[in-house]
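Here is the structure we will look at.
The structure presented is a predicted model; accordingly, all values stated were derived computationally and were not measured. Computed over heavy atoms, backbone and side chain alike; hydrogens, waters and symmetry mates excluded.
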Amino acid sequence: ALYMKALNDNPLRTKALTSAVLKALSSYTAQTIGGKRLDLRAILSFALYGLLFDAPLCHYWYDFLGRFTTSLCGKQSSPLLKTAVSTLVDSTVWFPPYLWFYFVVFGLMSGKHKTTESAIKEANTELWSTLIASWKIWPAVTFINMLFIPESLFMPVGNAIGYFWNTYLAMKSRMRPGN
């Protein structure tokens with residue numbers, strides 16, 4: 001009840017804090033599983049990415065996507081059709097540039113890359129394999145989320161599932177040579 005009140009009173013702030021906490025936990029989990037020394041900068045970078053980038057971008061994206069899909073499909077179209085179109089647009093139009101942006105920004109924030117050029121090179125190298133992995137998970141999560149969960153909870157539910165996805169991304173990042 002307290003979380004729902006916070007979500008209704010200040011949705012962006014609540015989503016940002018939720019994203020920050022879950023991203024920090026996923027970085028911590030990945031490091032614990034990997035058995036390496038804890039990298040506090042990586043944990044903080046994940047949290048800041050969630051707070052400053054992930055939550056605002058996703059908050060406004062899902063607001064736009066709902067309006068766009070309704071406009072495209074019509075107000076009277078079935079929820080199943082709207083959800084299918086939303087999932088398709090989310091997976092093909094939104095997620096590739098969002099994932100690329102993640103690789104660049106997180107690479108710079110975490111100190112893994114000293115230059116933007118280096119971060120962009122990694123983003124270009126890692127994008128396709130990570131995108132393929134994401135398409136095995138996220139379209140189903142997005143479809144179920146959008147069909148059965150109220151819009152105000154899209155991001156919190158996505159963040160909860162995203163904990164596991166972000167753990168995977170953090171582990172993938174730490175497994176690369178030089179980490």
Side-chain angles (χ1 to χ4, degrees), residues 1-27 46-107 120 123-124 126-173:
L2 188 60
Y3 183 80
M4 290 304 296
K5 181 174 177 4
L7 194 58
N8 287 328
D9 291 348
N10 197 329
L12 184 55
R13 180 177 61 200
T14 304
K15 291 172 186 177
L17 291 172
T18 302
S19 180
V21 167
L22 288 172
K23 284 192 178 348
L25 286 173
S26 64
S27 179
F46 249 85
L48 286 174
Y49 183 84
L51 184 74
L52 301 175
F53 298 104
D54 181 63
L57 289 171
C58 291
H59 174 80
Y60 291 112
W61 165 250
Y62 286 118
D63 180 57
F64 166 79
L65 184 60
R67 288 182 283 115
F68 174 77
T69 304
T70 298
S71 173
L72 185 67
C73 297
K75 290 183 180 183
Q76 302 304 319
S77 63
S78 76
L80 198 58
L81 175 63
K82 287 182 191 176
T83 302
V85 170
S86 290
T87 300
L88 179 65
V89 171
D90 186 65
S91 298
T92 59
V93 174
W94 167 256
F95 206 65
Y98 173 82
L99 193 56
W100 185 88
F101 178 79
Y102 159 80
F103 280 123
V104 172
V105 172
F106 181 74
I120 289 172
N124 291 339
E126 295 297 324
L127 181 63
W128 187 245
S129 66
T130 308
L131 196 54
I132 295 296
S134 79
W135 285 337
K136 295 175 183 176
I137 300 164
W138 284 108
V141 169
T142 301
F143 186 83
I144 291 167
N145 199 11
M146 289 182 170
L147 189 59
F148 297 111
I149 304 297
E151 187 175 343
S152 65
L153 294 175
F154 284 178
M155 277 189 62
V157 169
N159 280 331
I161 304 295
Y163 164 80
F164 299 102
W165 172 253
N166 290 315
T167 299
Y168 162 76
L169 285 179
M171 287 176 67
K172 184 175 180 169
S173 176

Quick one: [atom1] on [X] to [atom2] on [Y], what's the gap to the nearest 0.5 Å?
{"X": "Asp90", "Y": "Thr83", "atom1": "CG", "atom2": "OG1", "result": "11.5 Å"}
{"X": "Thr70", "Y": "Gln76", "atom1": "OG1", "atom2": "CD", "result": "10.5 Å"}
{"X": "Leu131", "Y": "Lys136", "atom1": "CG", "atom2": "NZ", "result": "11.5 Å"}
{"X": "Tyr3", "Y": "Asn8", "atom1": "OH", "atom2": "CG", "result": "10.5 Å"}
{"X": "Asn145", "Y": "Leu153", "atom1": "CG", "atom2": "CG", "result": "8.5 Å"}
{"X": "Leu99", "Y": "Glu126", "atom1": "CG", "atom2": "CD", "result": "9.5 Å"}

Search all heavy atoms of [X] against all heavy atoms of [Y] and return the closest pair with its distance.
{"X": "Val104", "Y": "Ala123", "answer": "CG2-CB, 3.7 Å"}
{"X": "Val85", "Y": "Cys73", "answer": "CG2-SG, 3.7 Å"}
{"X": "Leu22", "Y": "Tyr163", "answer": "O-CD1, 3.8 Å"}
{"X": "Pro11", "Y": "His59", "answer": "CB-CE1, 4.2 Å"}
{"X": "Ser19", "Y": "Gly50", "answer": "OG-CA, 3.2 Å"}

State, with a plain yes or no, whether a side-chain heavy atom of [X] is found less than 4.5 Å away from one of [Y].
{"X": "Tyr98", "Y": "Asp54", "answer": "yes"}
{"X": "Val89", "Y": "Trp94", "answer": "no"}
{"X": "Ser91", "Y": "Trp138", "answer": "no"}
{"X": "Pro156", "Y": "Leu7", "answer": "yes"}
{"X": "Lys82", "Y": "Leu72", "answer": "no"}

Side chain to side chain contact (heavy atoms under 4.5 Å, CB included) evaluation trace for Phe143 with Leu80:
CA-CA 9 Å; Phe143 186 83; Leu80 198 58; 3.5 Å; yes

Going by side chain to side chain donor-acceptor pair (under 3.5 Å), name the residues that satisfy it together with Ser71, two or more places apart in sequence or in a different chain.
none

Consider only side-chain N and O atoms of [X] and [Y], and report whether a donor and an acceptor are under 3.5 Å apart.
{"X": "Asn159", "Y": "Thr18", "value": "no"}
{"X": "Asn124", "Y": "Trp100", "value": "yes"}
{"X": "Ser86", "Y": "Thr69", "value": "yes"}

Measure the acute angle between the ring planes of Tyr102 and Phe106, then classify it against the limits of 30° and 60° as parallel, tilted or perpendicular.
parallel

For the residue pair Tyr168 and Trp165, is the inter-centroid distance of their aromatic rings smaller than 6.0 Å?
yes

What do you reckon, are the aromatic ring centroids of Phe101 and Phe53 less than 6.0 Å apart?
yes

Stepwise, does the side chain to side chain contact (heavy atoms under 4.5 Å, CB included) test hold for Phe154 with Cys58?
CA-CA 10 Å; Phe154 284 178; Cys58 291; over 6 Å; no

Once side chain to side chain contact (heavy atoms under 4.5 Å, CB included) is applied, do any residues pair with Ile144, and if so which ones, sequence neighbours excluded?
Phe148

Donor-acceptor contact present, side-chain Ser26 to main-chain Lys23, <3.5 Å
yes

More than 12 heavy atoms of other residues, nucleotides or ligands under 6.0 Å from CH2 of Trp128: yes or no?
no

